[in-house]
Amino acid sequence: MTGRTDSGREGRSMPSREQPHQGAPPPDAVADVVTRFEAYARARAARDSLLPAARTGPRQEEHAFGALQAAVSRLRDSLR
């Protein structure tokens, strides 16, 4: 070690993950979008299930997609 600093890093400040970003989305809104997305993904995957009892119809898939769209809209609104 020569005691020199890495000149490529001097003068640059990296944003800290601990500092909240202005306009950060509420965690509840993000969690809601993730939950709705997972429900939609399950409904879509079950559409083509080999087991007839596990299949979902187009209405369930449309309902899950509509709920996902609504959750995304709420998330966008919370950022404004």
Side-chain angles (χ1 to χ4, degrees):
M1 288 277 196
T2 61
R4 293 174 39 187
T5 61
D6 183 6
S7 61
R9 290 188 167 195
E10 284 183 38
R12 293 187 201 167
S13 64
M14 300 298 286
S16 173
R17 290 182 183 242
E18 290 131 15
Q19 294 175 347
H21 184 282
Q22 282 186 331
D28 292 344
V30 174
D32 189 35
V33 169
V34 171
T35 301
R36 303 292 180 170
F37 177 78
E38 290 172 343
Y40 172 68
R42 281 192 305 271
R44 186 159 171 102
R47 175 182 61 179
D48 301 324
S49 176
L50 295 174
L51 302 172
R55 287 189 193 140
T56 58
R59 283 190 177 177
Q60 288 91 349
E61 186 178 342
E62 288 173 10
H63 177 72
F65 186 71
L68 174 59
Q69 285 182 315
V72 169
S73 292
R74 287 190 298 274
L75 177 61
R76 284 186 182 139
D77 290 345
S78 72
L79 295 174
R80 292 181 185 169

Compare every heavy atom of [Y] with every heavy atom of [X], then report the nearest pair and how far apart it is.
| X | Y | result |
| --- | --- | --- |
| V33 | L68 | O-CD1, 3.8 Å |
| A46 | A54 | CB-O, 3.3 Å |
| P25 | L75 | CB-CD1, 3.5 Å |

For the residue pair Q69 and V72, establish whether any side-chain heavy-atom pair is separated by less than 4.5 Å. no
Under the rule for ring pair (Phe, Tyr, Trp, His ring centres under 6.0 Å), what residues qualify as partners of F65, not counting sequence neighbours? Y40
Set of side chain to side chain donor-acceptor pair (under 3.5 Å) partners for R74, sequence neighbours left out: D32
So does A43 get a backbone contact from the side chain of T56, meaning a donor-acceptor N/O pair under 3.5 Å? yes
Report yes or no: does Q60 contribute a side-chain atom to a donor-acceptor pair with the main-chain N or O of G57 at less than 3.5 Å? yes
More than 12 non-hydrogen atoms from neighbouring residues, nucleotides or ligands closer than 6.0 Å to CZ on R55, yes or no? yes
